[in-house]
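Right, one structure below, let's go through it.
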Amino acid sequence: APALVLLGLVTTAVNIATGAPVAGAVVFAGVNVVQAVVGASLLRRLLADVPLGSLQGAVRLLVVALLAAAVGASCMTAGLRLTAGSDAVDPALLVQWWGRNLTGIIVVAGLGLLLVEQRRSGGPGQPPAARIARGRAVEAVTLLVVTAACYVLLFSNGGRAFIPLL
């Protein structure tokens, strides 16, 4: 539960910092928490008996990402409708949120799997930080920085996403 509270607080702060209205930032945070809970629950159910390194595990992980992103996009669209007071829900907005959420889930899941694999490959007496090869640590930090930069670039346009053709 503390990780979910932290996720909500960080998401709210980042969204406010990038120009989102407070009500929208709170909705974004709530939706991110719901999406994380749904994704984690589905992962526990669908991947309990399947190794992630297998094709079946990869397919199940993709199914979880697709479903969790759909839940997040649906909740976000409904949340925006409530906070903006609009009666119409633009289907393109739902597709945009779904695509962004799906991409984010896949990137974060990939990073998480990379870190888990690095922890498993180290010796039992080494601290977790020592188990991650220097190149992999640089890769993980670079991925985090690029993801954060993309987020700021895409969402700092007055609270509107800057994505041509979407």
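From Trp98, atom CH2 reaches atom OG1 of Thr103 across 8.5 Å, with rounding to the nearest 0.5 Å. Expressed to the nearest 0.5 Å, how far CG of Leu67 lies from CD1 of Ile105 amounts to 9.5 Å. Here the CG-OG distance, from Asn101 to Ser74, works out to 10.0 Å after rounding to the nearest 0.5 Å. Interatomic distance, Arg45 CZ to Arg60 CZ, rounded to the nearest 0.5 Å: 13.0 Å.
Applying the side chain to side chain contact (heavy atoms under 4.5 Å, CB included) test to Leu43 and every residue at least two apart in sequence or in another chain returns Leu47, Leu61, Val64.
When each of Leu9, Asn15, Val14 is checked for a side chain to side chain contact (heavy atoms under 4.5 Å, CB included) with Thr11, only Asn15 meets the rule.
Between Ala29 and Thr12 the shortest heavy-atom distance is CB-OG1, 3.0 Å. Of all heavy-atom pairs between Gly39 and Ala68, the closest is CA-CB, 3.9 Å. The two residues Gly72 and Val31 make their nearest non-hydrogen contact at O-CG1, 3.3 Å.
In the hydrophobic clustering of ILVMFWY residues, with side-chain heavy atoms under 4.5 Å counting as a link, Leu42 and Val71 come out together. Transitive grouping of hydrophobic side chains (ILVMFWY, heavy atoms separated by less than 4.5 Å) keeps Val59 and Leu102 in distinct clusters.
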Point to revise | Worked check of side chain to side chain contact (heavy atoms under 4.5 Å, CB included) between Leu62 and Ile106 | key: CA-CA 8 Å; Leu62 181 60; Ile106 290 171; 4.1 Å; yes
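Hydrophobic cluster of Val37: the remaining members, joined at side-chain heavy-atom separations below 4.5 Å, are Leu4, Leu7, Val33, listed by chain and number.
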